Each structure stands twice: as structure tokens, then as C-alpha cells.
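Owing to the predicted nature of the structure, the values given are computational and were not obtained by experimental measurement. Numbers restart at 1 for each chain; the letters A, B, ... are given by sequence-line order, proteins then strands.
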Amino acid sequence: MTSSRFDVGRAKELQEVLASRVDKTYEIGSINNVVGLDVAYVKDVGIAVAALLNYPQLQLKEYVVVEGVVEIPYVPGLLAFREAPLMIKAYEKLGHDADLVVVDGHGITHPRKFGIASHIGLVLDVTSIGVAKNLLYGKVVKYADGVEYIVVDGEVCGLVYRWLGKNTYVSIGHKISMKSLMKLIPNLYKNHYLPEPTYIADTISKKFRRL
DNA sequence: GCGACAG
DNA sequence: ATCTTGTCGC
């Protein structure tokens, strides 16, 4: 019997096509709010959370929780097909649009330059960045400016951001340049090693997981 | 063929 | 991601 009806080959082809539509040159303007996206699970039921925080205070102003059965398996490089649908659903239920969306996972620091953060940014047509706890693809190179950049095929796609002694792998999602990303990133971290939007969304999703 | 491999 | 108590460290 065929294990899953998920076509890995087609999914990768789609990413290769959509990658060309990612905007890595946009210089972001003023930001008033940020949305953090994350998903927790109870067996095959996903619990997605979209947490809206004000900026630069980074205080939770509103959040949405969406649950649903997740059929797509986790395949490295194809995380978006498994988690993006619920995350997008949660985002769209918010009462406001976000100036920036922070996704739990990678953006273009990805085998085909199209990780979940880029996927969501493109679908929602919003500025997005990816923040992951581990590296998926690319090489970490320390430049003369002291920054540890994540290089993919000779292109700087993100950077390693260390906060409270731990590393996070930050990358361009969509509609943002490396310049803007670097200027913005320090303002997203507070009292946890993860950026506040991600931390808040993660906390809420895990809270609903035990209810 | 042998590793590596977001969440 | 999730399964899981106590325990080492800041």
C-alpha cells in the first residue's frame, strides 16, 4: 500500500517555482505590530496560534487559536505543507493586518530557498521572517563585521542571532532585505532566547494542548 | 553509499 | 513536534 498521498516531488517543484517570487529587497517602513505564528500537536490534531503584539513594546494585544487534523507528514524541507495551512487560517482570523510576521521555522535558508516563513509571507502578501532553533540548510560564515551569516549558494540569506546564551537562526521570509532584517531583529527579543512573538505564540499553543 | 535533516 | 522526573546550572 502507498503510505501517504502527499506528493513530495510535486511539493518540491512548487517550492522551486515560488522561490522566484520572494522579495528580498524591500526596506520595511514603520512597524506598529508584529504577529507570531506557531503550532503544537496532540496526535494528528494541530493547534495553531497567531499572536498579535504591539511594537516596540511587544505586549500581547490579541490572539487566535485554530485546531484541525493535520494529514501531511513532517518531511525536512517541506514543513510548510504540514503547518502553513493552519497558521494562515489563524492569521486571517485576527482583527488586524500585521506589519511583520515571525514564523517558527526557516525562510530562504532552505534547500530551495523557500521555507515556511517565505511560503506564508508570499501567500498572505506580508513581510515575514523565519526564526528557527536549529539550522536546516546553508553554511554559517563569520564575516569581518563579526556577524555570523547563513550563506546559501554564495548568497547571504540570514544570520545567527544569539540571545541569553542561545542561538536562533534568523532568515529572510518575504518582503524584507537583509539590511532591514538586521536592523529589526534585536528589537524582537526580550526575556527569552526566542523572539517574543514566537515565545508568546508557543506558550499559548502549548497551553491549549493540555486542555 | 553515507550523513544531514526546521517542526 | 512529542514522549517524560528529577536534576544540573545560572
Side-chain angles (χ1 to χ4, degrees), chain A residues 4 6 8-9 11-12 14-16 18-19 22 36-51 65-91 101-123 128-140 148-153 157-174 181 185 188-195 197-211:
Chain A
S4 173
F6 179 50
V8 173
K12 290 182 177 178
L14 180 59
Q15 292 183 323
E16 294 174 345
L18 297 181
V22 171
L37 257 32
D38 189 32
V39 181
Y41 296 88
V42 171
K43 292 297 183 64
D44 63 338
V45 176
I47 304 168
V49 173
V65 180
V66 171
E67 295 184 13
V69 175
V70 177
E71 306 284 13
I72 309 302
Y74 166 66
V75 178
L78 302 178
L79 177 65
F81 295 89
R82 174 178 167 78
E83 303 192 332
L86 279 181
M87 286 181 160
I88 291 172
K89 207 169 187 175
Y91 175 86
V101 172
V102 180
V103 182
D104 193 4
H106 288 91
I108 63 175
T109 43
H110 175 278
R112 291 165 291 285
K113 304 277 189 71
F114 199 69
I116 190 169
S118 299
H119 189 123
I120 289 177
L122 194 61
V123 172
S128 68
I129 66 171
V131 178
K133 306 174 193 64
N134 299 292
L135 183 65
L136 167 67
Y137 193 73
K139 298 174 182 177
V140 175
E148 294 189 300
Y149 291 96
I150 301 175
V151 181
V152 177
D153 300 324
C157 297
L159 64 111
V160 178
Y161 190 74
R162 190 170 192 174
W163 187 245
L164 300 182
K166 289 188 176 181
N167 292 333
T168 47
Y169 302 81
V170 184
S171 58
I172 289 173
H174 183 48
L181 173 59
I185 206 63
L188 299 176
Y189 292 72
K190 206 169 179 182
N191 305 311
H192 308 278
Y193 88 101
L194 288 175
T198 300
Y199 178 79
I200 295 296
D202 180 76
T203 298
I204 295 174
S205 68
K206 284 175 179 171
K207 173 184 176 183
F208 274 76
R209 179 164 66 77
R210 53 184 291 258
L211 298 183

Verdict with reasoning, A:Val22 to A:Ser118, per side chain to side chain contact (heavy atoms under 4.5 Å, CB included): CA-CA 7 Å; A:Val22 171; A:Ser118 299; 4.1 Å; yes

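- Neither OP1 nor OP2 of B:dC5 sits under 4.0 Å from any side-chain N or O of A:Asn134.
- If you measure from atom OH of A:Tyr169 to atom C1' of B:dA6, you get 12 Å, rounded to the nearest angstrom.
- Taking atom CG on A:Leu136 and atom P on B:dC5, their separation rounds to 8 Å, with Å as the unit.
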Canonical and wobble pairing (Watson-Crick, G-U, under 3.5 Å) of DNA chain C, dot-bracket with |: ..........

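- As rounded to whole Å, 15 Å separates atom P of B:dA4 from atom NZ of A:Lys139.
- Side chain of A:His110 to backbone of A:Tyr137: no donor-acceptor contact under 3.5 angstrom is found.
- The aromatic ring of A:Tyr74 stacks onto the base of B:dG7, its centre lying under 5.5 Å from the centre of the six-membered base ring with the two planes under 30° apart.
- When heavy atoms are screened at a 4.0 angstrom cut-off, A:Lys133 is found touching the sugar-phosphate backbone but no base atom.
- With hydrogens and angles ignored, the 3.5 Å screen pairs no side-chain donor or acceptor of A:Arg112 with any backbone N or O of A:Glu16.
- Rounded to the nearest 0.5 angstrom, A:Asp104 CG and A:Asp38 CG are separated by 4.5 Å.
- For the side chain to side chain contact (heavy atoms under 4.5 Å, CB included) with A:Asn167, the lone residue among A:Val140, A:Leu135, A:Val160, A:Asn134 that qualifies is A:Val160.
- The residue A:Gly130 sits apart from the nucleic acid: no heavy atom pair falls under 4.0 Å.
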Let me see the working for A:Leu136 and A:Leu79 under side chain to side chain contact (heavy atoms under 4.5 Å, CB included), right down to the final yes or no. CA-CA 11 Å; A:Leu136 167 67; A:Leu79 177 65; over 6 Å; no

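- Note: CG (A:Asp44) to P (B:dG7) measures 21 Å, nearest angstrom.
- Within the nucleic acid shown, A:Ile116 comes within 4.0 Å of at least one base atom, counting heavy atoms only.
- In this structure, CG of A:Asp202 is placed 17 Å from P of B:dA6, rounded to the nearest angstrom.
- Using cut-offs of 30° and 60° for the angle between ring planes, the A:His119 and A:Phe114 rings count as tilted.
- Using a 4.0 Å heavy-atom cutoff across all strands shown, A:Leu37 reaches no nucleic acid atom at all.
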Applying side chain to side chain contact (heavy atoms under 4.5 Å, CB included), run through A:Lys113 and A:Cys157 and close with a yes or a no. CA-CA 9 Å; A:Lys113 304 277 189 71; A:Cys157 297; 4.0 Å; yes

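- Extent of DNA chain C lying under 4.0 Å from chain A heavy atoms, first and last nucleotide in 5' to 3' order, is C:dA1 to C:dC3.
- Note: OH (A:Tyr137) to C1' (B:dC5) measures 12 Å, nearest angstrom.
- Counting non-hydrogen atoms of neighbouring residues, nucleotides and ligands closer than 6.0 angstrom, the NZ atom of A:Lys190 exceeds 12 such neighbours.
- Rounded to whole angstrom, the span from the CG atom of A:Leu135 across to the P atom of B:dG7 amounts to 10 Å.
- A:Ile150 places its CD1 atom 13 Å from the P atom of B:dA6, with the value rounded to the nearest Å.
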